[in-house]
Amino acid sequence: MSRPGFVLEVDERTPPLIVHEGEGFHLCEFPLGTRVVYPPDSLPGLRDLDAQIRDALAHPLDAEPLPELLRAGMKLTIVFDDVSIPLPPMRAPDIRQRVIEAVLELAAAKGVDDVELIAANSLHRRMTPGELKHALGERIFRSFFPDHLRNHDAEDPDNLVHLGQTAHGEDVEINKRAVDSDLVVYVNINLVAMSGGNKSVPVGLASYRSLRPHHNVHVVSHSRSMNDPPNSAMHHSYDRMGALVDEHVKVFKIETTLNNDTFPRELGFLNKREWEWTVKDQATYLAVKHANDLTPPKLRRRIWHGTKAPYQVTGIHAGETNAVHKRTLEAIYRQQLTEIDGQADVLVFGLPYVCPYNVNSIMNPILVMCLGLGYFFNMYRGRPMVREGGALILFHPTPWEFHQVHHPSYVDFFDEVLAESTDPATIETKFEGQYATDPWYIHLYRNSYAYHGVHPFYMWYWGAHALEHVGDVIVVGGDRAACTRMGFRSASTFADALEMASDTVGRAPRITYLKNPPLAMAEVR
């Protein structure tokens with residue numbers, strides 16, 4: 001049996017705790033009384049996964065069995081989540097491969113020969129051939145790439161269809177192949193509660209025109225939190241748009257959930273609670289940290305991004321989107337939800353080397369902000385882990401460094417936009433349109449491996465709720481110039497950060513440290 005999430009209160013017997021900081025980590029001593037939030041133990045994986053996949057397709061929720069939806073002469077489009085999840089990438093075979101192979105076998109048995117596969121990358125960068133091959137496996141890649149396996153192109157007007165507007169005036173414009181299909185099968189990996197459901201087709205296959213209604217400062221700042229869909233204005237918009245999609249497109253949804261087995265065996269100590277380390281774990285920690293510290297930065301980054309997680313699949317559900325997603329959320333909360341007694345004055349995160357937007361890339365300062373203030377701050381249901389006006393302390397080196405191929409508009413956003421203002425609403429009003437329609441950024445998005453020109457704006461908006469809520473953001477070890485450009489403060493040590501935060505929260509703050517990875521989601525009582 002898995003144990004529930006665990007909250008440790010630091011006392012004299014508590015050992016130093018692991019803190020991630022980019023492509024490194026170290027042991028840190030926390031003040032007495034600090035609350036440390038751990039996720040529940042990893043749930044066990046499903047036995048005979050292939051049988052479970054076949055059963056889900058044959059006995060879907062609120063939908064006809066998939067074999068009955070397939071017929072010769074039809075147009076079938078299989079859509080799948082892009083490289084942004086899971087994090088780290090899943091050890092082969094990826095669950096997307098296993099599910100899609102099962103779908104293709106059923107389609108072949110029914111004589112379906114018009115099949116297209118599309119990565120739902122929205123305004124993210126295109127997946128490389130190597131990334132597609134890892135996600136889908138050699139057999140699928142060889143059979144379909146490049147003519148019938150491709151990335152969605154949100155800037156190709158000839159392959160977009162405007163389906164209309166919701167009652168709230170939200171434009172719904174998505175991939176033409178999906179609209180023209182007799183059936184769209186969407187395959188999700190659900191790592192967090194904000195993913196999946198009606199976010200899949202209306203967002204993953206959308207254009208910029210169709211993202212603007214929910215990827216904006218007002219909606220994001222009113223999503224409390226993005227991992228709590230009933231309280232998320234963003235998800236309310238997804239649901240309205242999903243309902244309109246369903247009027248025009250027949251969607252068969254397949255969602256999968258994973259456990260918290262984040263690191264492979266050689267890094268297994270990172271999956272454990274520190275006081276449970278064996279002598280072998282302690283020795284492994286020392287050896288890995290020593291080697292990691294001595295490794296040149298570029299090689300160290302390559303090694304970490306080459307790490308594949310030995311996740312186990314904890315759930316697979318298929319059928320109608322809303323019925324499926326209800327089961328998915330239950331599985332995610334069962335794996336991640338941890339109860340906390342009251343809000344903290346100071347909330348602490350260690351930020352690891354990867355987020356959804358720097359896979360095989362560089363964690364630039366904007367992505368540091370997004371991961372800390374957007375993703376980790378929003379890992380709660382109900383109330384934030386930190387009180388209004390409290391302080392956030394993040395651990396990350398935050399180098400002034402950008403991937404020139406993946407993040408060209410980020411460079412200009414950081415140099416030009418943030419130099420003028422860090423206020424999300426001001427940035428949105430004054431600069432978004434220029435970057436979103438810039439022909440060079442659009443060219444790089446379509447023909448290279450660049451994120452869309454507007455993408456850094458979305459990353460900054462992602463932190464809008466946190467920026468409104470907290471009174472101070474301090475980055476331990478952060479490059480001082482980069483942090484200053486973003487409106488944050490930099491501290492050399494954790495002790496210095498706490499001293500700096502005392503200006504905001506006083507001399508005896510209540511501190512919560514959210515230990516990650518693996519992922520935990522807080523429910524504050």
Side-chain angles (χ1 to χ4, degrees), residues 5-21 26-38 221 224-225 274 338-351 368-369 371-398 422-424 463-480 482-516 520-525:
F6 185 82
V7 178
L8 166 76
E9 185 167 309
V10 173
D11 60 23
E12 294 86 352
R13 298 167 297 173
T14 305
L17 307 176
I18 281 277
V19 175
H20 293 264
E21 45 186 5
H26 72 281
L27 292 175
C28 179
E29 293 191 4
F30 283 79
L32 299 180
T34 298
R35 295 181 305 177
V36 185
V37 181
Y38 291 90
S221 64
R224 313 291 178 86
S225 76
E274 290 84 353
T338 304
E339 290 188 349
I340 301 177
D341 185 17
Q343 294 176 303
D345 301 303
V346 177
L347 180 60
V348 183
F349 304 129
L351 302 182
V368 171
M369 183 273 197
L371 182 59
L373 279 70
Y375 279 91
F376 284 170
F377 175 84
N378 279 284
M379 288 299 289
Y380 73 86
R381 187 170 75 171
R383 293 193 295 162
M385 288 172 274
V386 62
R387 67 168 172 82
E388 189 170 358
L392 284 181
I393 296 179
L394 317 175
F395 285 79
H396 197 278
T398 323
T422 60
D423 174 62
H465 173 29
L467 287 174
E468 291 177 355
H469 185 82
V470 302
D472 202 359
V473 179
I474 303 168
V475 185
V476 178
D479 178 271
R480 192 170 302 277
C483 292
T484 300
R485 174 59 56 89
M486 295 189 290
F488 306 152
R489 297 197 285 172
S490 174
S492 299
T493 67
F494 183 42
D496 288 346
L498 288 174
E499 178 67 25
M500 293 163 66
S502 66
D503 298 339
T504 302
V505 299
R507 290 283 175 180
R510 192 178 194 189
I511 303 169
T512 293
Y513 170 45
L514 180 65
K515 175 72 164 55
N516 62 78
M521 186 183 306
E523 184 157 57
V524 182
R525 296 190 295 263

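Here the side chains of V346 and T34 are not in contact, with every heavy-atom distance at 4.5 Å or above.
Counting only distance, with no hydrogens or angles, the side chain of Q343 and the backbone of P384 share a donor-acceptor pair below 3.5 Å. A donor-acceptor pair under 3.5 Å is absent between the side-chain atoms of D496 and the main chain of E499, judged by distance alone. A donor-acceptor pair is defined here as one N or O able to donate and one able to accept, closer than 3.5 Å; such a pair exists between the side chain of R489 and the backbone of M500.
The aromatic ring centroids of F377 and F349 lie 6.0 Å or more from each other.
The only option from R510, R35, R387 that meets the salt bridge (charged side-chain N to carboxylate O under 4.0 Å, His left out) definition with D345 turns out to be R387.
To the nearest 0.5 angstrom, L514 atom CG is 7.0 Å from I340 atom CD1. Atom-to-atom distance recorded for Y513:OH and I393:CD1 is 12.5 Å, nearest 0.5 angstrom. Taken from CG in L392 to CD1 in I474, the straight-line distance is 9.5 Å, to the nearest 0.5 Å.
Listed here is the closest heavy atom pair of T398 and M486: CG2-CE, 3.9 Å. Annotation for G478 and S490: closest pair O-OG, 2.5 Å, computed over non-hydrogen atoms. Minimum heavy-atom separation, E339 to V7: O-CG2, 3.3 Å. Nearest heavy-atom pair, V19 versus C28, reported as atom, atom and distance to 0.1 Å: CG2-CB, 3.7 Å.
For CD of E468, the number of neighbouring non-hydrogen atoms (other residues, nucleotides, ligands) closer than 6.0 Å is greater than 12.
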